[in-house]
Amino acid sequence: MTDTPQPSLKPILRIHFSGQDRLGRGKMELLEHIRETGSISAAGRAMDMSYRRAWLLISELNHMFREPVVESQRGGQKGGGAALTPFGEELLRRFRGMETTLRAAIADDLDWLEANRSADDTPTEKP
C-alpha cells in the first residue's frame, strides 16, 4: 500500500434541458478552445475529438438557445474560422460562475466526504 494522496473530490455540473439537450463541462471546454484557436477543427484536435464531433456539439449548442453561441466562416482565401458570439462568451462566463458557486456551496460537504472516504478508493479515469 502506498501513501500517495488521493485526488480531491470534484463536483461536475451538468444541466439537462427538456428532451436530450445537455450543457456541461465538455461543451464549455470546446468553447474555450474555440476562443483560443479561432477554429472548430483546432478546438476538436485539442480535445482529441474529430472535426465532425466538434461541429455536431457546436450545432447542438447553437440550437439550444435563441441566439447562436458560435459563428463560423467557411474556408476561402483567408481560410475558415470560428468565434464565440457575445452570447457564447456570456454563456461560458456564466457556466464557469455556476461551477464556482456549486463548489463553494458544497465545500463543507465535500470536505466531509473526503475525510470519510475509504483509503481503498482508487479513482478510475473515464473518457
Side-chain angles (χ1 to χ4, degrees):
M1 185 195 278
T2 63
D3 288 331
T4 306
Q6 299 172 4
S8 60
L9 302 174
K10 180 180 178 181
I12 296 174
L13 176 63
R14 182 168 54 189
I15 301 171
H16 290 258
F17 287 59
S18 60
Q20 295 184 352
D21 290 336
R22 291 185 303 271
L23 188 63
R25 63 188 177 142
K27 287 177 181 160
M28 295 300 106
E29 184 180 347
L30 184 61
L31 292 181
E32 288 171 331
H33 286 296
I34 289 171
R35 181 201 290 149
E36 292 167 11
T37 65
S39 163
I40 295 172
S41 181
R45 279 193 305 273
M47 295 179 67
D48 198 27
M49 141 189 335
S50 70
Y51 170 78
R52 184 180 189 321
R53 177 72 180 139
W55 186 88
L56 287 172
L57 291 173
I58 295 306
S59 180
E60 282 179 30
L61 279 168
N62 280 340
H63 286 96
M64 287 171 66
F65 299 100
R66 287 185 258 177
E67 296 184 43
V69 176
V70 173
E71 291 179 333
S72 60
Q73 182 178 13
R74 292 184 185 254
Q77 281 186 321
K78 295 182 180 181
L84 301 188
T85 63
F87 177 81
E89 290 285 355
E90 181 71 4
L91 173 65
L92 182 57
R93 185 190 70 74
R94 285 180 176 266
F95 189 89
R96 293 304 187 206
M98 286 186 277
E99 288 178 318
T100 299
T101 301
L102 170 65
R103 283 190 299 274
I106 64 172
D108 290 342
D109 294 316
L110 286 176
D111 290 344
W112 182 86
L113 288 171
E114 186 74 57
N116 288 287
R117 76 183 201 177
S118 170
D120 295 337
D121 182 23
T122 52
T124 57
E125 287 292 319
K126 292 185 179 180

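We're numbering straight along the sequence, starting at 1.
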[atom1]/[X] to [atom2]/[Y] distance, rounded to the nearest 0.5 angstrom?
X	Y	atom1	atom2	answer
M49	W55	CE	CH2	14.5 Å
M47	R53	CE	CZ	9.5 Å
I34	E29	CD1	CD	11.5 Å

Pairs meeting criterion side-chain hydrogen bond (donor to acceptor under 3.5 Å, both in side chains) with involvement of residues 104-113, two or more places apart: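 Output for this query is empty, none listed.
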What pair of heavy atoms forms the shortest contact from [X] to [Y], and how long is it?
X	Y	result
T37	A43	OG1-N, 3.8 Å
Y51	I40	CE1-CG2, 3.7 Å
A54	G44	CB-CA, 4.1 Å
T85	P68	OG1-O, 2.6 Å

Quiz item: Strictly by modelled atom types, are S41 and R45 linked by a side-chain donor-acceptor pair under 3.5 Å?
Solution: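 R45 and S41 do have a side-chain donor-acceptor pair below 3.5 Å.
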For a 4.5 angstrom cut-off between non-hydrogen side-chain atoms, does [X] reach [Y]?
X	Y	answer
L30	V70	no
R117	L9	yes
R35	L92	yes
E99	M28	no
K27	M64	yes
L61	L31	yes
L23	F65	yes

Does E90 form a salt bridge (charged side-chain N to carboxylate O under 4.0 Å, His left out) with R94? I'd like the steps, not just the answer. CA-CA 6 Å; E90 181 71 4; R94 285 180 176 266; 2.7 Å; yes
- prompt: side-chain hydrogen bond (donor to acceptor under 3.5 Å, both in side chains) with E36: which residues, sequence neighbours excluded?
  reply: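 side-chain hydrogen bond (donor to acceptor under 3.5 Å, both in side chains) list for E36, sorted by chain: empty.
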(Q) Main chain of G97, side chain of T101: is a donor-acceptor contact present, judged purely on distance under 3.5 Å? (A)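 Here the side-chain-to-backbone pair exists.
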Step through the shown structure and confirm whether more than 12 heavy atoms of other residues, nucleotides or ligands are within 6.0 Å of NE2 on H63.
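Result for NE2/H63: open.
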Flag yes if I12 and L113 sit in one hydrophobic cluster, no otherwise; membership is Ile, Leu, Val, Met, Phe, Trp, Tyr, and two members link when side-chain heavy atoms are under 4.5 Å apart.
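I12 and L113: separate clusters.
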